[in-house]
Amino acid sequence: MSVVTRFAPSPTGKLHIGSVRTALFSWLYARRHQGEFLLRIEDTDRQRSTQEATQLIFDSLNWLGLNYDREPVFQSHRMENYRAKASALVEEGKAYYCTCTKERLDALREDAIAKKLKPRYDNKCRDLGLKPTAGTPCTIRFRNPIDGTVVVDDMVQGQVDYQNAELDDLIIIRTDGTPTYNFAVVVDEIDMRCTHVIRGDDHLNNTPRQINLFHAFGKAVPSFGHVPMILSPEGRKLSKRENEVSVLEWRSEGYLPEAVLNYLVRLGWSHGDQELFSVGEMIEKFDTKKIHRSPASLDHKKFQWINHQHMMKLSPANAIKMAEPFFKERGIEVDDSQRSQQIFEAQQSRSHTLLEFVEKSVYFFSDVEEYDEKAAAKHLTLKSQPLLAELRQSLEGLSDWKSVAIHAKITDIVQEREIGFGAIAQPVRVALTGSTVSPGIDVTIELVGRDRVLQRIDSAMDWIDKRSS
RNA sequence: GUCCCCAUCGUCUAGUCAGGUCUAGGACACCAGCCUUUCACGCUGGCGACGGGGGUUCGAAUCCCCCUGGGGACGCCA
């Protein structure tokens with residue numbers, strides 16, 4: 001039997017990273033076993049589901065490269081099917097109509113909590129054999145077994161036993177005719193022929209109910225794998241308010257899709273001591289047996305490090321293409337010229353993210369508007385002015401505009417004057433970049449370009465004049 | 001309250017199933033040093049954990065029980 005996994009988010013907000021990780025695990029499992037990975041949009045809650053959120057799901061998966069097979073399934077398109085399946089269950093005596101009102105149910109729940117009992121339905125309508133009548137709202141409830149044990153043989157949690165006595169008769173069809181979560185899931189799992197269900201462990205407690213439903217339908221129960229939740233850096237539950245929760249935010253912060261996958265896959269899963277994985281390696285090595293059972297906390301520093309490692313493997317051409325939108329945001333049009341690529345190579349080891357690369361590289365593309373105050377005060381001085389002048393002159397006549405030749409010119413001056421390399425490198429750096437930080441000064445000079453270099457040295461010297469007068 | 005899950009450095013984790021090779025290994029972060037024209041990268045070293053208590057055993061991070069702590073579920077949300 002070939003493997004079929006699925007990702008089943010509800011489109012009620014951002015696609016947060018816990019969900020993305022279960023999507024990743026499901027995707028990896030399917031790819032690992034040459035199976036299918038399906039997408040199902042759980043939009044039975046008409047109040048909360050939105051078109052925008054659905055689009056966010058598509059965009060996120062697309063960006064990460066978590067491609068799915070077949071067309072996505074929308075639960076909202078399958079309403080008739082759920083109703084028919086539920087009616088069939090009623091016919092067979094495995095479900096029943098219930099006319100209990102919401103008010104009664106609420107009262108029941110409050111009462112149970114007050115008595116410190118587990119809130120559950122009291123089976124009032126279970127054996128009444130009610131028929132739906134016009135004017136009386138009614139739900140359909142599943143007739144859950146009264147006793148016995150349900151065994152969940154979980155791929156990550158191991159064997160977990162539940163007593164049917166702990167479960168109650170859950171509503172499967174609401175008064176408005178829509179299916180509830182646990183019911184729709186089971187119907188879909190069956191219709192989509194899912195063989196493996198990998199999801200967050202907040203669903204572990206739903207699993208025995210679902211297993212009973214599978215039994216009621218006389219269908220094989222898929223294998224379940226319940227993955228622990230991801231916690232905030234403080235070790236608390238991820239809150240939408242305090243914590244970054246959307247993967248798309250990571251995209252706008254300049255993270256690489258492969259690095260996101262790498263970071264996420266190592267959160268709760270391991271392959272010995274290996275930290276860095278390409279997508280291909282993840283697929284090759286993924287194994288549910290190695291999924292950790294305890295929840296993990298986010299660590300931004302490690303994420304940055306992983307992203308940096310992937311940045312180091314990026315081809316310059318590719319990097320420039322991916323960085324293009326970030327440049328555009330700053331009004332800079334980059335081309336795929338060799339110069340652009342060299343600029344990336346020069347910044348590669350200095351950039352954790354694409355965004356950082358772009359932010360650190362603007363002076364290659366646009367004029368230096370102002371100097372960092374401290375940097376200018378320290379390096380743009382009357383003492384360094386003659387050095388700048390001499391370098392300018394030396395550079396002006398340089399025919400071979402390459403870092404090696406540039407470096408030689410600086411060395412000449414440095415040796416002649418018996419000064420340190422930094423005595424000249426730092427003032428030029430401030431003149432060219434506005435700050436004390438950049439790639440090697442020879443490389444920086446080469447890539448800023450002759451015209452700009454000469455012009456910026458002039459500006460710096462003017463600035464010194466103005467300052468000292 | 002009831003039920004379920006979890007527990008190794010600050011964080012991610014190896015080791016736990018098949019107890020000894022673990023005076024607990026790796027990675028991120030942090031600290032110190034080296035490299036050096038700045039910042040990075042890189043290299044070397046350092047700091048740093050089996051939550052607590054009982055068992056079982058010649059021997060426990062590993063097995064059992066209790067406690068504590070964290071998380072989840074208990075909805076006509078998913």
Side-chain angles (χ1 to χ4, degrees), chain A residues 8-12 42-45 47-49 75 98 100-102 105-106 109 112-120 137-141 152 154 157-158 160-163 165-168 170-176 178-182 184-185 200-208 226 228-229 231 233 235-237 263 266-276 289-290 292-306 308 312 347-352 360 375 379 407 410 414 420-426 428-430 433 435-442 444:
Chain A
S10 56
T12 53
E42 307 219 326
D43 55 354
T44 54
D45 186 340
Q47 298 290 311
R48 302 200 299 148
S49 300
Q75 289 189 325
C98 170
C100 292
T101 61
K102 206 165 191 163
L105 264 20
D106 287 343
R109 188 170 306 116
I113 290 169
K115 287 180 181 157
K116 306 206 172 205
L117 294 171
K118 188 171 191 162
R120 58 206 310 282
C138 74
T139 60
I140 298 179
R141 280 186 189 269
V152 180
D154 197 272
Q157 305 287 342
V160 186
D161 296 349
Y162 288 89
Q163 299 305 313
E166 289 291 332
L167 277 24
D168 65 354
L170 68 153
I171 290 174
I172 56 176
I173 298 288
R174 293 184 265 253
T175 46
D176 68 357
T178 60
T180 56
Y181 167 74
N182 283 107
V185 163
D201 71 1
D202 49 338
H203 290 294
L204 185 58
N205 288 314
N206 288 323
T207 308
H226 288 93
M229 314 256 77
L231 270 27
R236 289 198 296 273
K237 191 187 176 186
Y263 180 63
R266 280 288 287 111
L267 230 45
W269 176 81
S270 63
H271 183 262
D273 285 335
Q274 187 172 350
E275 300 285 352
L276 270 12
K289 285 196 184 74
K290 300 298 288 181
H292 224 252
R293 298 215 284 228
S294 55
S297 289
L298 253 21
D299 180 10
H300 214 86
K301 284 280 176 52
K302 180 143 187 184
F303 184 27
Q304 289 207 324
W305 176 79
I306 285 179
H308 182 243
M312 294 299 280
Q347 301 279 226
Q348 202 163 15
S349 71
R350 286 163 244 269
S351 312
H352 288 98
K360 284 181 168 176
H379 299 292
H407 193 273
I410 300 174
V414 160
F421 200 98
I424 189 159
Q426 284 304 77
V428 184
R429 200 182 317 270
V430 177
T433 71
S435 84
T436 55
V437 178
S438 87
I441 195 62
D442 43 8
T444 304

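We name chains A, B, ... by the order of the sequence lines, and we start the count at 1 in each one.
In this structure, C41(B) makes no Watson-Crick or G-U wobble pair, since no nucleotide meets both defining distances under 3.5 angstrom. The partner of A73(B) is U2(B), judged by Watson-Crick or G-U wobble contacts that both fall below 3.5 Å. Using N1 to N3 plus N6-O4 or O6-N4 for Watson-Crick, or N1-O2 and O6-N3 for G-U wobble, each under 3.5 Å, U23(B) pairs with nothing. Under the Watson-Crick or G-U wobble criterion, with both distances below 3.5 Å, C30(B) is paired with G46(B). Nucleotide U36(B) forms no Watson-Crick or G-U wobble pair with any nucleotide shown, as no partner meets the under 3.5 Å limit on both distances. The partner of G59(B), taking Watson-Crick or G-U wobble pairs whose two distances both stay under 3.5 Å, does not exist in any strand shown.
By the 4.5 Å heavy-atom criterion applied to side chains, Ile113(A) and Arg109(A) are counted as neighbours. At a threshold of 4.5 Å between non-hydrogen side-chain atoms, the residues Ile172(A) and Asn182(A) do not count as touching. For the pair Glu42(A) and Val185(A), the minimum side-chain heavy-atom distance is below 4.5 Å. A heavy-atom distance below 4.5 Å is not found between the side chains of Leu170(A) and Tyr181(A). Here the side chains of Thr44(A) and Arg174(A) are in contact, with some heavy-atom distance below 4.5 Å. The shortest side-chain heavy-atom distance between Glu275(A) and Lys302(A) falls under the 4.5 Å cut-off.
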I'd like a list of close polar pairs between nucleotides 47-52 of chain B and the protein, N/O only, cut-off under 3.5 Å.
none

Could you run down the sub-3.5 Å N/O contacts of the protein with nucleotides 11-15 of chain B?
from: C12(B); atom 1: OP1; to: Ser297(A); atom 2: N; distance (Å): 2.7
from: C12(B); atom 1: O2'; to: Arg266(A); atom 2: O; distance (Å): 3.0
from: C12(B); atom 1: O2; to: Lys302(A); atom 2: NZ; distance (Å): 3.2
from: U13(B); atom 1: OP1; to: Gly268(A); atom 2: N; distance (Å): 2.1
from: U13(B); atom 1: O3'; to: Ser270(A); atom 2: OG; distance (Å): 3.2
from: A14(B); atom 1: OP1; to: Ser270(A); atom 2: OG; distance (Å): 2.6
from: A14(B); atom 1: OP2; to: His292(A); atom 2: NE2; distance (Å): 2.7
from: G15(B); atom 1: OP1; to: Lys290(A); atom 2: NZ; distance (Å): 2.6
from: G15(B); atom 1: OP2; to: Lys290(A); atom 2: NZ; distance (Å): 3.3

Would you sort out whether Thr139(A) and Ile173(A) count as a side-chain contact (heavy atoms from CB on, under 4.5 Å), showing the intermediate values? CA-CA 6 Å; Thr139(A) 60; Ile173(A) 298 288; 6.0 Å; no

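For the pair Ser270(A) (side chain) and Arg266(A) (backbone), a donor-acceptor distance under 3.5 Å is absent. In this structure, the side chain of Gln274(A) engages the main chain of Leu276(A) through a donor-acceptor pair within 3.5 Å. The closest donor-acceptor contact from the side chain of Asp43(A) to the backbone of Gln75(A) lies under 3.5 Å.
Computed from coordinates, the His226(A) NE2 to A73(B) C1' distance equals 11 Å when rounded to whole Å. When rounded to the nearest whole Å, the span between CG of Asn205(A) and P of C74(B) equals 8 Å. Whole-Å rounding puts the Gln157(A) CD to C6(B) C1' distance at 8 Å. One can place CD of Gln163(A) at 11 Å from P of C3(B), the figure rounded to the nearest angstrom. The separation between Asn206(A) atom CG and C74(B) atom P is 6 Å, rounded to whole Å. Remark: C1' of C3(B) and CD of Glu166(A) are 5 Å apart, rounded to the nearest angstrom. Rounded to whole angstrom, the span from the NE2 atom of His203(A) across to the C1' atom of G71(B) amounts to 15 Å. The separation between Asp161(A) atom CG and C4(B) atom P is 9 Å, rounded to whole Å.
Between G45(B) and C5(B), the two P atoms lie 44 Å apart (nearest whole Å). A distance of about 49 Å separates the C1' atoms of A78(B) and G42(B), rounded to the whole Å. Nucleotides G52(B) and A60(B), compared at atom C1', are 16 Å apart to the nearest Å. Using P as the reference atom, C9(B) and U62(B) are 14 Å apart when rounded to the nearest Å. A18(B) and C65(B) are spaced 15 Å apart, taking the P atom of each and rounding to whole Å. G69(B) and C30(B): their P atoms are spaced 33 Å apart (whole Å). Taking the C1' atoms as reference points, A32(B) lies 10 Å from C47(B), given to the whole Å. The P atoms of G10(B) and U68(B) are separated by 23 Å, rounded to the nearest whole Å.
Contact between the side-chain N/O atoms of Thr44(A) and the OP1/OP2 oxygens of A78(B) is found at a separation under 4.0 Å. For the pair Arg120(A) and U2(B), the criterion of a side-chain N or O lying under 4.0 Å from OP1 or OP2 is not met. Between Arg174(A) and A78(B) there is a side-chain polar atom (N or O) within less than 4.0 angstrom of OP1 or OP2. Between G75(B) and Arg141(A), no contact under 4.0 Å exists linking OP1 or OP2 to a side-chain N or O.
Side-chain to base pairing of Thr139(A) with C76(B): no donor and acceptor N or O lie closer than 3.5 Å to each other.
Using a 4.0 Å cut-off between charged side-chain N and carboxylate O, Arg120(A) and Glu166(A) make no salt bridge.
Neither side chain, Ser351(A) nor His308(A), offers a donor N or O lying under 3.5 Å from an acceptor on the other. With hydrogens and angles left out, the side-chain atoms of Thr444(A) and Ser438(A) include a donor and acceptor closer than 3.5 Å. There is a side-chain donor-acceptor pair under 3.5 Å between Thr178(A) and Asp176(A).
Within 4.0 Å (heavy atoms only), Lys118(A) reaches at least one base atom of the nucleic acid. Counting any heavy atom pair closer than 4.0 Å across all strands shown, Cys138(A) reaches no nucleic acid atom. As judged by a 4.0 angstrom heavy-atom cut-off over every strand, Phe303(A) is placed among residues making no nucleic acid contact. Residue-level contact check: Leu105(A) touches the bases, meaning some heavy atom is under 4.0 Å from a base atom.
When each of Glu42(A) and Pro119(A) is assigned the nucleotide of RNA chain B bearing its nearest heavy atom, the one mapping closer to the 5' terminus is Pro119(A). Along RNA chain B, the nucleotide nearest to Asp176(A) and the one nearest to Leu117(A) differ in position, and the one closer to the 5' end is contacted by Leu117(A).
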Which parts of nucleotides 30-43 of chain B does protein reach within less than 4.0 Å, heavy atoms only, written one letter per nucleotide 5' to 3' as B for base, S for sugar-phosphate only and - for none? -------BBBBS--

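In summary, the aromatic rings of His352(A) and Phe303(A) are positioned with their centroids too far apart to meet the 6.0 Å limit.
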